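Single-structure report; data block below.
In each ligand, atom 1 is the first atom listed, and ligand 1 is the first ligand listed. This is a predicted model, so every value here is computed, not measured.
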Amino acid sequence: ASKGPVVLYWHRTDLRLHDSPGLQHALFLKPAAFYPIWTWDPHYVFKARGAANRWRFLVECMKGLDVGYRRISKKQQLWVVREGPTTVIPKLCKLWGVTHLVFEADGDWYARQRDEEVTKALEDVGVEVTGIWGGRTLFVESEVVKGNGGKPTMSMGQLLKAVDKEKLEVKRPVDDVEAVPEPGMDVLASLKDLEKDPGQTKPKQQEGGKDDQNAEARTKGEATEFVSLLGPNGDCGVPTLDEMAMDPKDAETPHHGGEENALKELKRVLDDEEYTATFEKPKTAPTDFEPRATTVLSAHLHFGSLSIRRFYWGVQDIFEKRRKAKKTVAAEPMNLIGQVLFRDMYFSAQYALGHAFQGEEGNEVCRVIDWYLPSDGRGGYEVDDEKAEEWFIRWKEGRTGFPFVDALMRQLRREGWIHHLGRHMVACFLTRGGCYVHWERGKEVFEELLIDHESASNAGNWMWLSCTAFFMGSRRRLVRNYIPELANFDKKYIYEPHKAPIADQKKWGCQIRGDGTEKGNGDMKTYPKPMFDFNERRQACIDGMKHAYDIKMYGNDKRRLNGEWKKV
Ligand code: FAD
């Protein structure tokens, strides 16, 4: 047995070796044996699955960390075990004689419940569990919430006041990890032994033992549980998309995960001092996509391949230098510091509200608006149910007939990332700016498709957008890139292609007709007519919003059923 602590480090939201307070804490324990692991969580793998672009980004982040460990230690890697954490972690602790479990704490509702379950199971067997707060956000959510009187932070003003009241500070990054102790035993051999023990795991060997029962379901993406702790090659390697039953063709996002990429991208931003210091969000454009107008670091911040504090202090140091030199520095909240403060505002709001923030029952900050909620037939201010369902599907598939909306929705599907103001645009269009469809439906689509999906930021921004001003603005290049059907259209008609004369439509190789599901004919493509008269819809939305503000109701568990308001 090892002399000294045996530490299991559980990576989740911190796929990096730089500025990781959780990892630093684990190493301060001076482990005699050290096991950095990633566990596949059935909640994410089978339930809240998301699109292939996000999985590819995640797998690249895992690969980056794996390479990082192999660089600093001959005997280490990221040990990936294929089983849910609540069941596998207690087994691993027993197997390796673990004395301490350490991880970066995570305030998301699901994560909090999961971590409580794991903590309870381990404390019962005497393993010390430490979740280190403050690696994922600028401020610790519970401290912000305390400063805000236990309430969710619903504005930047509330966040800053709470920070001030509690005297919270953003800590400087901790040192990068450059060495780690070795594992205390042959990890792979021990896991193989564990698999052989029928009391420990539940491998489901088919007759002949060659394949497992779930193999077919897994390749179809229909599996519901893991069958082996080890990967298809019998090791603890980082999985491939194939193992996750995902088609690489669905994962062609140009954005790449991994710590090295993250630091390179951050450097690119910070090296351009003028850009960093004068960045003002409203002045950046969704239509600039080569290069993109904002930092595109959100997915790295989500998976923790980039430390939020490295970002924050990198920017602050430039601001400080420029202030001393009396050079321009953009103001909050439009500047880059303001952007990451918004992120913290949503995280703290979600922390206070728990699962309700996601649009579940009991979300008391959410104004009641009788949106149409496709597929469950609830509510709907003066909206034809079938029409709204159709509009929702056409919005989701990028065939509304409004080229700017369609270009953005196709960019979202193809690349998993769109500019913030593009997100504004499509969110407003779906909700109060056109379709009057419930924001929760839009939130679910973003949840599936975004590579940077962050439950707090996504739900928070959807709530905000569905109740605030409608943003509209566009440029031609974005449309031509993401709607190649319209590539040859004259600029006069690029936003209203249905107004182009038929002869011109034919000349430019695309007829404006149907609902976007028709197949073209030879070289002649099709693109849909607008799915509704925008001015008519605009007025209907204004009327609906006025009504919603007049009735002054909160809590999104109330819906209008057959003309009457009910709690559902
Ligand atoms: P930059 O402008 O370069 O900003 C730097 C960082 O600040 C971002 O990486 C991000 O971490 C943070 N940030 C910036 N704006 C916001 C904001 N409004 N809210 C929260 N954080 C912000 N962001 C996500 O990270 N995940 C989501 O799931 C998400 N869903 C959204 C849904 C809608 C409807 C809207 C309108 C916005 C959403 N955002 C989300 C916020 C924002 O659009 C993205 O963070 C941003 O566009 C990411 O690009 P960037 O890294 O270039 O941002």
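Asn53 and Glu415 share no donor-acceptor pair across their side chains, judged by distance under 3.5 Å alone. Under the 3.5 Å distance criterion, with hydrogens and angles disregarded, no donor-acceptor pair is assigned to the side chains of Asn535 and Gln539. When only modelled atom types and interatomic distance are considered, Asp14 and Tyr9 share a side-chain donor-acceptor pair under 3.5 Å. Side chains of Tyr312 and Asp344: no donor on one and acceptor on the other come within 3.5 Å.
With hydrogens left out, the protein atom closest to atom 49 (O) of ligand 1 is Trp417 NE1, 3.1 Å, a heavy atom. Among protein heavy atoms, atom 36 (C) of ligand 1 sits closest to Arg423 CB, 3.5 Å. For atom 50 (P) of ligand 1, the nearest non-hydrogen atom of the protein is Val296 N, 3.5 Å. Counting protein heavy atoms only, atom 6 (C) of ligand 1 is closest to Val340 CG1, 4.0 Å. Given atom 8 (C) of ligand 1, the protein heavy atom at minimum distance is Ser298 CB, 4.1 Å. Counting protein heavy atoms only, atom 33 (C) of ligand 1 is closest to Asn461 CB, 3.4 Å. Protein heavy atom at the shortest distance from atom 3 (O) of ligand 1 is Thr295 OG1, 2.5 Å.
Each of the following atoms of ligand 1 lies closer than 4.0 Å to a heavy atom of Arg343: 11 (O), 20 (C), 21 (N). Listed by number with element, the atoms of ligand 1 under 4.0 Å from a non-hydrogen atom of Phe446 are 32 (C), 33 (C), 34 (C).
Nearest to atom 27 (C) of ligand 1 by heavy-atom distance, out of Asp452, Val269, Leu341, is Asp452. Closest to atom 47 (O) of ligand 1 by heavy atom, among His420, Glu454, His453, is His420. With atom 12 (C) of ligand 1 as the reference point, the heavy atom nearest to it among Gln339, His255, Lys443, His419 is part of Gln339.
With respect to Arg310 and Asp176, a salt bridge is recorded, a charged nitrogen being found less than 4.0 Å from a carboxylate O. Note on Arg12 versus Asp115: salt bridge recorded, some NZ/NE/NH1/NH2 to OD/OE distance being below 4.0 Å. For Glu274 and Arg322, the salt-bridge test passes: some basic side-chain N is under 4.0 Å from an acidic carboxylate O. Salt bridge absent: Lys63 and Glu60 never bring a charged side-chain N and a carboxylate O closer than 4.0 Å. Between Lys387 and Glu390 there is a salt bridge, since at least one side-chain N of the basic residue sits less than 4.0 Å from a carboxylate O of the acidic one.
Looking at Leu465 against ligand 1, only its side chain comes within 4.0 Å, counting heavy atoms. Heavy atoms of Trp464 found under 4.0 angstrom from ligand 1: none, in either backbone or side chain. Counting heavy atoms closer than 4.0 Å to ligand 1, residue Leu301 contributes side-chain atoms (C-beta onward) but none from N, CA, C or O. Here Lys281 has side-chain heavy atoms under 4.0 Å from ligand 1, and that is the only part of it that gets that close. Proximity of Asn458 to ligand 1, defined as any heavy-atom pair under 4.0 Å, is shared by backbone and side chain alike.
For the pair Asp19 and Pro173, the tightest heavy-atom approach, listed with the atom from each and the gap, is OD1-CA, 3.2 Å.
In terms of polar-atom proximity, Tyr346 is not counted as a contact of ligand 1, lacking any N or O under 3.5 Å from an N or O of the ligand. Ligand 1 has an N or O atom lying under 3.5 Å from an N or O atom of Thr294, backbone or side chain. By the 3.5 Å distance cut-off applied to N or O atoms, Leu297 is counted among the residues near ligand 1.
The aromatic ring centres of Phe279 and Phe319 sit 6.0 Å or more apart. Aromatic ring centres of His355 and Tyr110: separated by at least 6.0 Å.
For the pair Arg413 and Tyr482, the NZ or CZ position fails the cation-pi test of under 6.0 Å to the six-membered ring centre and within 45 degrees of the ring normal.
Look at Phe279 and you'll find a heavy atom under 4.0 Å from some atom of ligand 1.
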